[in-house]
Amino acid sequence: MKSLMTLGYLDEQMLIFIAQCLNEGSQELKIDLMTFTVDNKTCNKQEYLAKCVPLQQCLCQHLQDSHPCVSVHAALLLSSMQCEKNRCVAVLKTALHTLDSTHQVKALSCLVNMWHCWDKEVLSSALQQLHTHIDWQQRLSVAKLLRVIGACVLDEMTEVEVFEVLHQRLYDEPIEAVRCEIGQLMADLNMSEKAQTVLLGWLECEDEFKRAAAVVALGAFGAKTVHILHSLLDCLELDPSIYVRAQVVRLLGRVKYDSHHVVNKLLEISKGSGLIARESQLALQKISSQSR
């Protein structure tokens, strides 16, 4: 049955059979079938699912199922059909507090994209998932959801609350794609200038790891303003830590500065030996690949 569903074979007879399986099957079968239907992009299409009244009736009954995984997947499927908004939203919001983080992200995505629901409860959960989810792809997904919401975030939460979470995630986040998405989100919320000011201040602190974290975080904003560039070059010239200077060189390569001043500086360093010289050579390769 799953193979047929993957191929898009979802005529009325198949949909009635799915409803029968959900009505009569075991708890494990219900969860497996609903999870597959939600996650499989080929079969999770409104025009297929919404045309089967028996399936809709079955899913409505499962909104009240005692097993939270069954009820939340029923809500996800009904949401894809644009049915039972109030009941689906209630179930999905409950899932934000009762299920594991993977199901919470699914519920968040549905609440935001399907029902355009972004009250304080939803936003608090989204920020929590961005801050704590172990899977970087899920953190990236949540960051994109917050960008969909945009400035409406600040209608429900204070700027201080939102900035604190985003700024901490910015310098703690190990994955560049997630950092860049957070940087774009902060720009959307007019918080990027404030964040950059804080990070530039960190370049002067005594803590080596804090200075390195500031360099990495600045890359999320592109780090191409004149003020930031001068600060990074000063750091490259004067910082006593090899680790911090290496992070600066890597950033110059990642954002592909192609100014003559930067290229000449990297060429000068690359003629030496050690870690910084090797990093400079790699950075120059990235910059030259852009200019071809």
Side-chain angles (χ1 to χ4, degrees), residues 5 8 10-12 14-23 25 27 30-130 133 138 141-157 162 185 188:
M5 292 169 67
L10 285 171
D11 62 5
E12 186 176 358
M14 173 66 82
L15 294 172
I16 291 174
F17 181 63
I18 292 172
Q20 184 180 351
C21 290
L22 293 177
N23 279 325
Q27 202 76 276
K30 292 177 185 177
I31 294 173
D32 181 57
L33 184 55
M34 289 175 127
T35 302
F36 179 82
T37 308
V38 168
D39 293 341
N40 190 290
K41 296 186 183 301
T42 304
C43 62
N44 188 17
K45 292 184 178 179
Q46 180 180 343
E47 62 268 25
Y48 290 144
L49 301 176
K51 64 186 179 183
C52 183
V53 174
L55 180 58
Q56 290 183 29
Q57 293 172 340
C58 170
L59 292 172
C60 287
Q61 292 174 0
H62 282 92
L63 285 174
Q64 300 174 341
D65 197 281
S66 58
H67 197 295
C69 282
V70 173
S71 61
V72 76
H73 280 95
L76 291 170
L77 287 171
L78 284 168
S79 295
S80 71
M81 306 177 199
Q82 296 290 302
C83 298
E84 297 288 336
K85 175 180 178 178
N86 292 337
R87 295 177 67 194
C88 288
V89 168
V91 171
L92 293 169
K93 283 189 173 183
T94 300
L96 298 179
H97 308 288
T98 58
L99 292 180
D100 59 63
S101 56
T102 300
H103 284 93
Q104 288 179 25
V105 173
K106 286 183 180 180
L108 278 172
S109 178
C110 187
L111 285 165
V112 173
N113 291 323
M114 294 290 187
W115 298 123
H116 305 296
C117 177
W118 41 68
D119 56 22
K120 188 168 184 177
E121 182 181 6
V122 173
L123 293 173
S124 296
S125 179
L127 290 172
Q128 178 69 16
Q129 289 302 314
L130 180 64
H133 204 294
Q138 299 288 13
S141 175
V142 173
K144 289 180 177 179
L145 284 177
L146 287 167
R147 289 198 68 195
V148 170
I149 299 171
C152 293
V153 170
L154 301 179
D155 293 338
E156 298 292 339
M157 304 183 73
V162 176
L185 173 59
D188 294 344

I'd like a table of donor-acceptor pairs (distance under 3.5 Å, sequence neighbours excluded) in which one partner is a side-chain atom from residues 64-71, with atom names and distances.
unit_1, atom_1, unit_2, atom_2, d
Asp65, OD1, His67, N, 2.8
His67, ND1, Cys69, N, 3.1
Ser71, OG, Pro68, O, 3.0

What donor-acceptor contacts under 3.5 angstrom involve side-chain atoms of residues 145-156, with partners at least two apart or in another chain?
unit_1, atom_1, unit_2, atom_2, d
Arg147, NE, Asp188, OD2, 2.8
Arg147, NH1, Glu181, OE2, 3.3
Arg147, NH2, Asp188, OD2, 3.2

Exercise answer: donor-acceptor pairs, residues 89-98 side-chain atoms, under 3.5 Å, sequence neighbours excluded:
unit_1, atom_1, unit_2, atom_2, d
Lys93, NZ, Asp119, OD2, 2.3
Thr94, OG1, Ala90, O, 2.9
His97, NE2, Glu121, OE2, 2.7
Thr98, OG1, Thr94, O, 3.0

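The SG atom of Cys21 lies 12.5 Å from the CD1 atom of Ile16; values are rounded to the nearest 0.5 Å.
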### Message
Test side-chain contact (heavy atoms from CB on, under 4.5 Å) on Leu127 and Met157; report intermediate values, then the result.
### Response
CA-CA 11 Å; Leu127 290 172; Met157 304 183 73; 3.6 Å; yes

### Task
List the steps, then state whether side-chain contact (heavy atoms from CB on, under 4.5 Å) holds for Ser125 with Leu108.
CA-CA 8 Å; Ser125 179; Leu108 278 172; 4.1 Å; yes

### Message
Would Thr102 and His133 count as a side-chain contact (heavy atoms from CB on, under 4.5 Å) here? Give the steps.
### Response
CA-CA 8 Å; Thr102 300; His133 204 294; 4.2 Å; yes

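When all heavy atoms of Trp115 and Ser79 are compared, the pair lying nearest together is NE1-OG, 2.8 Å. The nearest pair of heavy atoms linking Leu55 to Ala19 is CA-CB, 3.9 Å. For Ser141 against Val105, the heavy-atom pair with the smallest separation is OG-CG1, 4.2 Å.
For His73 and His103, the ring centers are positioned less than 6.0 Å apart.
For the pair Asn23 and Gln61, the minimum side-chain heavy-atom distance is below 4.5 Å. Considering only heavy atoms from C-beta on, Thr35 comes within 4.5 Å of Lys106 through its side chain. Between Cys88 and Met114 the shortest side-chain heavy-atom distance does not fall below 4.5 Å. Contact annotation: the side chain of Met34 approaches that of Leu59 to within less than 4.5 Å [non-hydrogen atoms, C-beta and beyond].
With hydrogens and angles disregarded, a donor-acceptor distance shorter than 3.5 Å links the side chain of Arg87 to the backbone of Cys60.
Side-chain contact of Gln104 with Gln129: a donor-acceptor pair under 3.5 Å is present, judged by distance alone.
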